[in-house]
Colleague: 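My questions will all concern the structure given below.
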Amino acid sequence: MIRLYNTLTRKKEELQTIDPGVVKMYVCGPTVYNDAHVGHAMSSLVFDIIRRYLQYRGYDVQHVMNYTDVDDKIIRRANEMGIDPFALSRKYIQDFDQNLDDLNILPATAKPQVSKTMPQIISFVEGLIQRGYAYPAPNGDVYFRVTKDEDYGKLSARKLDDMQAGARIEVEEQKEHPMDFALWKAAKPGEPFWDSPWGQGRPGWHIECSAMNLHELGEQIDIHGGGNDLIFPHHENEIAQTESYTGKPFARYWMHNGMLQLGGEKMSKSLGNIVSIKEFLEKRDSDVMRMLVLNGSYRAPLIFNEETLDAAEKGLERIKSALRPATATGADSTAEAAASLPATIQTVQTAFTEAMDDDFNSAGALGAIFDFVRAINSARDAGATQAQMQPAQDLLRTLTGVFGLRLAAKSGTGDADKFIDLLLEVRAEVRKQKLWALSDLIRDRLKENGVSVEDGKQGSAWRYL
RNA sequence: GGCGACGUCGCCAAGUGGUAAGGCAAGGGUCUGCAAAACCCUUAUUCAUGGGUUCGAAUCCCAUCGUCGCCUCCA
């Protein structure tokens with residue numbers, strides 16, 4: 001039984017899907033006008049891990065992620081650069097897809113774009129007007145009528161009166177109520193536009209997700225996800241639109257990831273303190289970012305700095321150490337060496353699942369993984385054979401695979417491998433003659449060149465650092 | 001000002017009523033020609049602070065202090 005935290009009810013609830021065995025999951029994607037940053041990576045990783053786990057537990061996951069390719073910021077940036085807004089968004093959609101692939105994130109099963117969903121959006125707005133939940137303003141805008149929606153504010157747990165008290169809203173006279181929000185915006189000169197019953201214009205920010213959800217997944221979905229900065233107004237407005245349109249409850253479970261913290265502050269475009277995914281991956285392996293996310297709780301802020309990244313990287317090395325082959329041969333093995341492994345396999349399997357079943361507690365599950373790593377390494381040290389270790393290593397591969405970790409051995413750039421082998425061969429002779437200074441020189445110089453040499457009883461092994 | 005989340009070892013962090021997982025760092029040891037890796041041992045009588053409820057609280061309640069997020073574009 002999987003339990004998950006629902007922002008809507010502020011409680012953990014048992015996952016019961018609309019259709020048995022199928023999870024309909026919609027996760028808000030980016031507005032494509034700039035390089036995606038590690039905060040986007042966190043969110044995408046969180047929902048990738050959730051998706052992979054749901055699949056591991058036997059669910060067929062329909063995963064929709066949208067691209068917002070019609071937006072004020074895209075238009076502004078394109079104008080600054082003197083290029084077509086659609087060319088700009090096309091470029092950043094490609095970039096984002098590449099980022100996700102680099103991060104080993106499974107591609108969504110559907111990736112709708114606003115510009116390709118226009119008929120559905122327009123008919124959605126028409127439906128809301130017909131039902132009295134929206135009204136066209138004289139200037140060609142169409143607004144959602146928040147006062148008509150009785151439970152408006154339920155997701156973000158705020159009341160209309162409280163929101164007005166904030167008084168940070170510029171009241172437009174076109175609106176009936178200050179909190180009414182735009183479903184459709186009349187086009188200004190020089191902007192891209194689509195024809196509609198209310199004149200030329202383009203959709204507001206929130207309506208696209210309602211329309212895409214309806215189009216891709218239907219009136220009701222299981223999980224709706226995104227960053228917790230989207231709770232208000234975006235998701236609040238999405239609920240208002242969709243439930244007003246269909247008259248049915250929209251998403252069963254609302255899941256929100258915490259914000260990535262950079263230097264104690266949320267990283268965001270407006271603050272300008274951004275590390276792009278591309279920049280990150282030039283310095284670190286994609287597994288490091290994933291490990292950082294796994295070590296925390298998806299709902300809590302994630303502390304992103306050199307220290308936490310170093311720790312994540314070291315942890316990964318530790319997991320990889322358990323995947324190294326046995327050192328013993330059949331002759332010197334004993335049954336006792338691996339005697340505890342079968343029981344450990346059961347324990348780990350159970351602990352992993354119990355943790356992940358509890359609101360995707362990856363940090364708890366990771367604890368089980370590390371216990372497993374120690375057990376495997378101990379068995380190897382005790383003289384277990386490869387045949388004895390194999391089932392454990394297979395399970396470790398499976399579980400880390402559910403996490404989406406690649407755990408790839410680092411490889412060299414060219415075909416230096418055979419020359420490194422040769423060096424080690426020579427070094428073995430040198431060591432036989434106990435020429436330690438020369439032997440150590442070779443080891444040190446290889447290390448300077450990113451190759452670690454480890455001497456063992458059965459000879460020396462090497463690997464890239 | 002309103003709403004919400006959170007404060008657990010030097011750092012990251014799990015644990016939400018039954019007596020503190022795990023990772024990183026640090027110290028000691030085994031192994032090694034020396035290292036490295038791996039393994040073993042050690043490191044929070046204590047969970048921001050002060051009250052309260054309870055046989056029992058890091059876990060529930062109240063207050064205080066502090067941090068962060070949302071209320072405007074944001075994953």
Side-chain angles (χ1 to χ4, degrees), chain A residues 7 10 12 27-31 33 36-47 65 71-73 153 156-159 161-170 179 205 225-234 236 256-261 264-271 291-292 294-297 299-305 307-319 321-322 324 327 351 355 358 361-371 373-374 376-382 431 434-437 439-440 443-444 447 452-457 460-461 463 465:
Chain A
T7 306
R10 315 255 161 199
K12 283 184 193 172
V27 182
C28 286
T31 301
Y33 70 103
H37 54 69
V38 286
H40 294 111
M42 176 196 179
S43 188
S44 302
L45 284 165
V46 162
F47 288 100
M65 185 196 72
D71 172 87
D72 287 347
K73 294 183 294 296
S156 53
R158 58 189 84 195
K159 302 184 187 83
D161 296 343
D162 295 340
M163 287 188 258
Q164 287 178 80
R168 278 218 267 165
I169 305 128
E170 281 182 42
M179 289 310 293
W205 176 34
N228 68 16
D229 53 348
L230 294 181
I231 294 171
F232 189 90
H234 186 55
E236 191 69 72
H256 294 96
N257 63 277
M259 294 292 101
L260 186 137
Q261 301 287 130
E265 273 184 320
K266 182 184 96 167
M267 183 174 67
S268 74
K269 291 169 186 173
S270 56
L271 289 170
M291 189 68 176
L292 190 71
L294 288 166
N295 184 49
S297 160
R299 287 191 278 134
L302 183 68
I303 297 174
F304 178 96
N305 59 38
E307 202 178 356
T308 57
L309 288 170
D310 283 345
E313 202 162 87
K314 291 288 187 58
L316 280 169
E317 286 307 314
R318 197 166 154 61
I319 294 174
S321 75
R324 293 179 200 163
T327 47
D358 183 12
N361 179 1
S362 57
L366 199 54
I369 297 272
F370 279 112
D371 288 341
V373 165
R374 184 179 300 109
I376 292 172
N377 284 333
S378 293
R380 186 197 297 102
D381 281 5
R431 293 184 75 220
K434 301 195 193 300
L435 299 172
W436 306 125
S439 163
D440 291 350
R443 188 173 63 196
D444 293 346
K447 184 157 194 175
S452 159
V453 175
E454 295 168 3
D455 300 323
K457 280 215 166 76
S460 305
R463 61 190 170 91
L465 290 173

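Proteins get letters first, then strands, A, B, ... in listed order; numbering begins at 1 in each. Model, not experiment: these values are computed from the prediction.
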Colleague: Does B:C55 pair with anything, Watson-Crick or G-U wobble, both distances under 3.5 Å, and if so, with which nucleotide?
Modeller: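 Result: B:G18.
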Colleague: What distance, rounded to whole Å, do you find between the two P atoms, one in B:G22 and one in B:C41?
Modeller: 11 Å
Colleague: Return the nucleotide paired to B:C39: Watson-Crick means purine N1 to pyrimidine N3 with N6-O4 or O6-N4, wobble means G-U with N1-O2 and O6-N3, both under 3.5 Å.
Modeller: B:G29
Colleague: Would you classify A:Lys314 as touching base, sugar-phosphate or nothing, given that sugar-phosphate means primed atoms plus P, OP1 and OP2, and contacts are heavy atoms under 4.0 Å?
Modeller: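 Sugar-phosphate only.
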Colleague: Between C1' on B:C71 and CG on A:Asp229, what's the gap in Å once rounded to a whole number?
Modeller: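 Value for this atom pair: 13 Å.
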Colleague: Between A:His37 and A:Leu260, is there a side-chain heavy-atom distance shorter than 4.5 Å?
Modeller: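 A:Leu260 vs A:His37: side chains apart.
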Colleague: As a test of reading the structure: which of B:A37, B:A36, B:G4 is closest to the side chain of A:Arg324, going by heavy atoms?
Modeller: B:A37
Colleague: Does A:Arg324 offer a backbone N or O that forms a donor-acceptor pair with the side chain of A:Arg380 under 3.5 Å?
Modeller: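 Present.
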Colleague: Taking CE from A:Met291 and C1' from B:A14, how many angstroms apart are they, rounded to a whole number?
Modeller: 14 Å
Colleague: Please find the pair of heavy atoms, one from A:Glu236 and one from A:Ala157, that lie closest to each other, and give the distance.
Modeller: OE1-N, 4.5 Å
Colleague: Within the structure shown, what part of the strands sits under 4.0 Å from A:Gly29 by heavy-atom distance: base, sugar-phosphate, or nothing?
Modeller: sugar-phosphate
Colleague: From CE of A:Met259 over to P of B:C73, roughly how many Å is that when rounded to an integer?
Modeller: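 Taking atom P of B:C73 as the reference, CE of A:Met259 is at 15 Å.
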Colleague: Do A:Ile376 and A:Val373 come close enough that some side-chain heavy atom pair is under 4.5 Å?
Modeller: no
Colleague: Sticking with atom C1', work out how far B:U16 lies from B:C6, rounded to a whole angstrom.
Modeller: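 So the two C1' atoms sit 14 Å from each other.
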Colleague: In Watson-Crick or G-U wobble terms, both distances under 3.5 Å, what is the partner of B:C34?
Modeller: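 Pairing partner, where one exists within any strand: none, as none qualifies.
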Colleague: Between B:U67 and B:U42, how far apart are the two C1' atoms, rounded to whole Å?
Modeller: 33 Å
Colleague: Whole Å only: how far is the CG atom of A:Leu294 from the P atom of B:C24?
Modeller: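 Between P of B:C24 and CG of A:Leu294: 15 Å.
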Colleague: Heavy atoms only, 4.0 Å cut-off, all strands: where does A:Val453 land among base, sugar-phosphate and nothing?
Modeller: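 Base contact.
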Colleague: A:Asn377 CG to B:C39 P: how many Å, rounded?
Modeller: 4 Å
Colleague: Who does B:A5 pair with, Watson-Crick or G-U, both distances under 3.5 Å?
Modeller: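 By the stated definition (distances under 3.5 Å), B:U67 pairs with B:A5.
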Colleague: Using the C1' atom on both, measure B:C73 against B:A26 and round to a whole Å.
Modeller: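 My reading of the C1' atoms in B:C73 and B:A26 gives 45 Å.
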Colleague: Distances under 3.5 Å between protein N/O atoms and the N/O atoms of nucleotides 11-13 of chain B, please, pair by pair.
Modeller:
residue: B:C12; atom: O2'; partner: A:Asn295; partner atom: ND2; Å: 3.1
residue: B:C12; atom: O2; partner: A:Asn295; partner atom: ND2; Å: 3.3

Colleague: When rounded to the nearest Å, what value does the distance between C1' atoms of B:G51 and B:G10 take?
Modeller: 31 Å
Colleague: What contact category does A:Asp371 fall into here, base, sugar-phosphate, or nothing, at under 4.0 angstrom with non-hydrogen atoms?
Modeller: sugar-phosphate
Colleague: Describe the nucleic acid contact of A:Arg380 in one word from base, sugar-phosphate, nothing, applying a heavy-atom distance below 4.0 Å.
Modeller: nothing
Colleague: Measure the shortest side-chain to side-chain distance between A:Ser460 and A:Arg443 over non-hydrogen atoms and say whether it is less than 4.5 angstrom.
Modeller: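 No, every pair of side-chain atoms sits at 4.5 Å or beyond.
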Colleague: Is there aromatic stacking of A:Trp436 against B:G33, centre distance under 5.5 Å, plane angle under 30°?
Modeller: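 Aromatic stack with B:G33 present for A:Trp436.
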Colleague: Can you identify which nucleotide, out of B:G33, B:C39, B:A75, has its nearest atom closest to the A:Ser439 side chain?
Modeller: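 The listed nucleotide nearest to A:Ser439's side chain is B:G33.
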Colleague: For A:His40, does its backbone N or O pair with a side-chain atom of A:Ser43 as donor and acceptor, under 3.5 Å?
Modeller: no
Colleague: Looking at B:C70, B:A36, B:C34, which one has an atom nearest to any side-chain atom of A:Arg443?
Modeller: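 So the nucleotide nearest the side chain must be B:C34.
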Colleague: Does A:Arg374 put a side-chain nitrogen or oxygen below 4.0 Å from OP1 or OP2 of B:G23?
Modeller: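 The answer is yes; a side-chain N or O of A:Arg374 sits under 4.0 Å from OP1 or OP2.
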Colleague: What's the CD1-P distance between A:Ile369 and B:A14, to the nearest Å?
Modeller: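 It works out to 17 Å between those atoms.
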Colleague: Could you tell me whether a side-chain N or O of A:Ser156 sits under 3.5 Å from a main-chain N or O of A:Phe232, the two making a donor and an acceptor?
Modeller: no
Colleague: Using the side-chain heavy atoms of A:Glu454, tell me which of these nucleotides is nearest: B:A37, B:C39, B:G23.
Modeller: B:A37
Colleague: For RNA chain B, whose closest nucleotide is more 5', that of A:Arg299 or that of A:Asp358?
Modeller: A:Arg299
Colleague: If you measure from NZ on A:Lys447 to OG on A:Ser452, what distance do you get to the nearest 0.5 Å?
Modeller: 6.0 Å
Colleague: In whole Å, measure the gap between the C1' atoms of B:U8 and B:A13 for me.
Modeller: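 It comes out at 9 Å once rounded to the nearest Å.
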Colleague: Between A:Gly226 and A:Ala312, which is nearer to the 5' end of RNA chain B once each is assigned its nearest nucleotide?
Modeller: A:Ala312
Colleague: Which atoms form the tightest heavy-atom contact between A:Leu294 and A:Ser362, and what is the distance?
Modeller: O-OG, 2.8 Å
Colleague: Ignoring the backbone of A:Asn228, work out which of B:A75, B:A37, B:G69 is nearest its side chain.
Modeller: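 So the nucleotide nearest the side chain must be B:G69.
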Colleague: Report the distance from atom CZ of A:Phe370 to atom C1' of B:A38, rounded to the nearest whole Å.
Modeller: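 Interatomic distance, CZ of A:Phe370 to C1' of B:A38: 15 Å.
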Colleague: Please measure how far the C1' atom in B:A20 lies from the corresponding atom in B:G27, and state the result in whole Å.
Modeller: 22 Å
Colleague: Whole Å only: how far is the CG atom of A:Asn257 from the C1' atom of B:C68?
Modeller: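 From A:Asn257 CG to B:C68 C1': 15 Å.
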Colleague: Among B:A75, B:G23, B:C73, which nucleotide sits nearest the side chain of A:Arg318?
Modeller: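 Of B:A75, B:G23, B:C73, B:G23 is nearest to the side chain of A:Arg318.
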Colleague: Quick one: salt bridge (charged side-chain N to carboxylate O under 4.0 Å, His left out) partners of A:Asp310, sequence neighbours excluded?
Modeller: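 Only A:Arg284 meet the salt bridge (charged side-chain N to carboxylate O under 4.0 Å, His left out) criterion with A:Asp310.
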Colleague: With rounding to whole Å, what would you report as the distance between B:A37 and B:C31 at their C1' atoms?
Modeller: 11 Å
Colleague: Taking any strand in view, what nucleotide pairs with B:C47 in a Watson-Crick or G-U wobble way, both distances under 3.5 Å?
Modeller: none
Colleague: Only pairs with both distances under 3.5 Å count, Watson-Crick or wobble alike; so what is the partner of B:C73 in this structure?
Modeller: none
Colleague: Any donor-acceptor pair under 3.5 Å joining the side chain of A:Asp455 to the base of B:C34?
Modeller: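 Pair found.
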Colleague: Which of the following nucleotides, B:A75, B:C71, B:G22, is nearest to the side chain of A:Phe232?
Modeller: B:C71
Colleague: Hey, does the side-chain of A:Asp440 have a donor or acceptor N/O within less than 3.5 Å of a partner on the base of B:G33?
Modeller: yes
Colleague: Starting the side chain at C-beta, find the nucleotide from B:G15, B:A75, B:A38 nearest to A:Thr31.
Modeller: B:A75
Colleague: Does any non-hydrogen side-chain atom of A:Arg374 lie less than 4.5 Å from one of A:Asn377?
Modeller: no
